[in-house]
Amino acid sequence: MLNFTVGPVMASDEICRIGAEQVPYFRTDEFSKIMKENETLVKKFSGAEEAGRVVFLTGSGTAAMEAAVINTLTKDDKVLVVNGGGFGQRFVDLCEIHKIPYTEIRLEKGKKLTEQDLYVHNHKDFTAFVVNVHETSTGVYYDMNIISEFCKNNDLFLIVDAISSFLADPFDMKALGVDVMIAGSQKALACPPGVSFVVLSDKALRRIDSNEPSCLYLNLKVALKDGERGQTPFTPAVGILRQINARLREIEKNGGVEHEISKIQLLAKNFRERILELPFVFFSESMSNAMTALHPTTASAYDIFITLKDEYNIWICPNGGELKDCVCRVGHIGNLTLEDNDRLIDALKDMRGRGII
Ligand SMILES: *Cc1c(COP(=O)(O)O)cnc(C)c1O
């Protein structure tokens with residue numbers, strides 16, 4: 001299988017090897033040491049402030065989104081939520097369920113966020129801003145600089161879901177004034193799904209300390225306390241956390257987050273140059289290095305996904321709902337190479353030769 005989806009993605013042989021090992025007991029100094037190192041490296045790679053903390057949760061990315069909302073926001077907040085697709089809608093749903101007052105900035109699918117979209121909300125009584133920096137469902141990558149400036153000018157608490165962008169695009173929590181950054185195991189970290197995490201600023205820690213979340217499993221106050229000694233309140237996905245440790249150390253050894261980003265950027269650039277020779281156009285106005293959303297001009301996007309999977313053993317990401325026939329997505333994260341790009345482009349050329357696209 002050659003996997004160009006956006007998660008789960010291709011893992012390296014080393015990560016697969018660790019996945020085949022026995023899972024050790026975890027109330028030990030050895031496991032605490034791994035957790036502390038995971039926290040240190042994630043802080044470094046996200047540009048967290050010195051006083052910041054990281055909490056690893058056992059649950060997919062949505063668990064960390066929910067944890068961020070219920071632990072740092074309250075009914076007294078007034079939240080601006082960017083909703084440009086499926087993942088923005090998820091934050092809207094979370095605010096609904098947990099009765100957090102919010103206003104949506106609704107964007108047409110595929111369109112970027114503009115200064116105009118923000119400035120109509122300038123100097124209102126908002127207290128927080130919530131955004132998925134890369135709206136993975138449509139492939140739109142929002143400009144964090146204009147968001148950061150807007151939030152600083154309006155003194156807004158800033159929550160950023162960077163799940164599909166972390167390690168693929170430059171991101172500096174401290175410089176951008178981000179209070180909560182959310183990421184997960186199965187995107188550019190290229191580990192199995194099942195672990196997500198929140199990186200917290202000092203301001204976020206103070207909010208958590210003064211809140212009482214209505215959830216036992218996602219209570220960050222308790223998780224932070226246990227995290228001080230490298231432990232978790234409940235049995236975590238021990239095996240995946242060991243894989244995450246190996247992966248973070250590998251990134252550090254290879255030259256850090258900048259090197260990882262440039263590798264992904266190279267794959268994305270190579271693919272984007274070559275795909276335009278085929279009957280596709282880009283769907284999104286502004287792209288993350290992590291993924292290219294494509295609109296095929298001669299065939300159904302869903303049929304292309306099925307043919308690639310069933311006849312070429314190459315997996316790309318289909319879209320659901322109204323975009324099903326109109327958009328498919330190609331990821332550039334995970335253990336991929338330029339030769340893998342060749343295979344995908346060759347398969348698409350073959351499909352063109354057969355009159356499928
Ligand atoms: C993948 C992803 C998530 C997490 O989804 P899960 O299925 O819960 O892991 C959240 N937000 C974005 C932007 C994503 O790309």
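Whatever order the structure lists them in is the order used to number ligands and atoms, beginning at 1. These numbers were taken from a predicted model, which means no experiment stands behind them.
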Which heavy atom of the protein is the closest neighbour of [atom], given with residue, atom name and distance?
| atom | answer |
| --- | --- |
| atom 3 (C) of ligand 1 | Phe87 CE2, 3.4 Å |
| atom 14 (C) of ligand 1 | Lys187 NZ, 3.0 Å |
| atom 6 (P) of ligand 1 | Ser60 OG, 3.4 Å |

Nearest heavy atom to atom 11 (N) of ligand 1 wins, so pick from Val6, Val195, Asp161, Val133. Asp161
Considering the heavy atoms of [X], write down every atom of ligand 1 situated less than 4.0 Å from one of them.
| X | result |
| --- | --- |
| Arg90 | 5 (O), 8 (O) |
| Gln186 | 9 (O) |
| Gly61 | 4 (C), 6 (P), 8 (O), 9 (O) |
| Met65 | 10 (C) |
| Ser164 | 15 (O) |
| Thr136 | 12 (C), 13 (C), 14 (C), 15 (O) |
| His134 | 13 (C) |

Minimum heavy-atom separation for Thr138 and Phe283, please, with both atom names.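 Closest approach of Thr138 to Phe283: O-CD2, 3.6 Å.
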Run the numbers on His295 and Phe282 for ring-ring contact (aromatic ring centres under 6.0 Å, His included), then give the verdict. CA-CA 6 Å; His295 168 54; Phe282 299 135; over 10 Å; no
Under 4.0 Å from ligand 1, counting heavy atoms only, is it the side chain of Ile163, its backbone, both or neither?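 Under 4.0 Å from ligand 1, Ile163 contributes side-chain atoms alone.
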Does Glu135 come within less than 4.0 Å of ligand 1, judged by its heavy atoms? no
Which residues satisfy the salt bridge (Lys or Arg N to Asp or Glu O under 4.0 Å) test with Glu49, sequence neighbours excluded?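 Residues passing salt bridge (Lys or Arg N to Asp or Glu O under 4.0 Å) with Glu49: none at all.
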Is it true that [X] and [Y] have a side-chain N and a carboxylate O under 4.0 angstrom from each other?
| X | Y | value |
| --- | --- | --- |
| Glu39 | Lys43 | no |
| Lys109 | Glu135 | no |
| Glu14 | Arg249 | no |

Ignoring hydrogens and geometry beyond distance, is a side-chain donor-acceptor pair present between Tyr312 and Asp350 at under 3.5 Å? yes
Please check if atom NZ in Lys253 has more than 12 non-hydrogen atoms from other residues, nucleotides or ligands closer than 6.0 Å.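 Counting neighbours around NZ of Lys253, 12 or fewer heavy atoms of other residues, nucleotides or ligands fall under 6.0 Å, so no.
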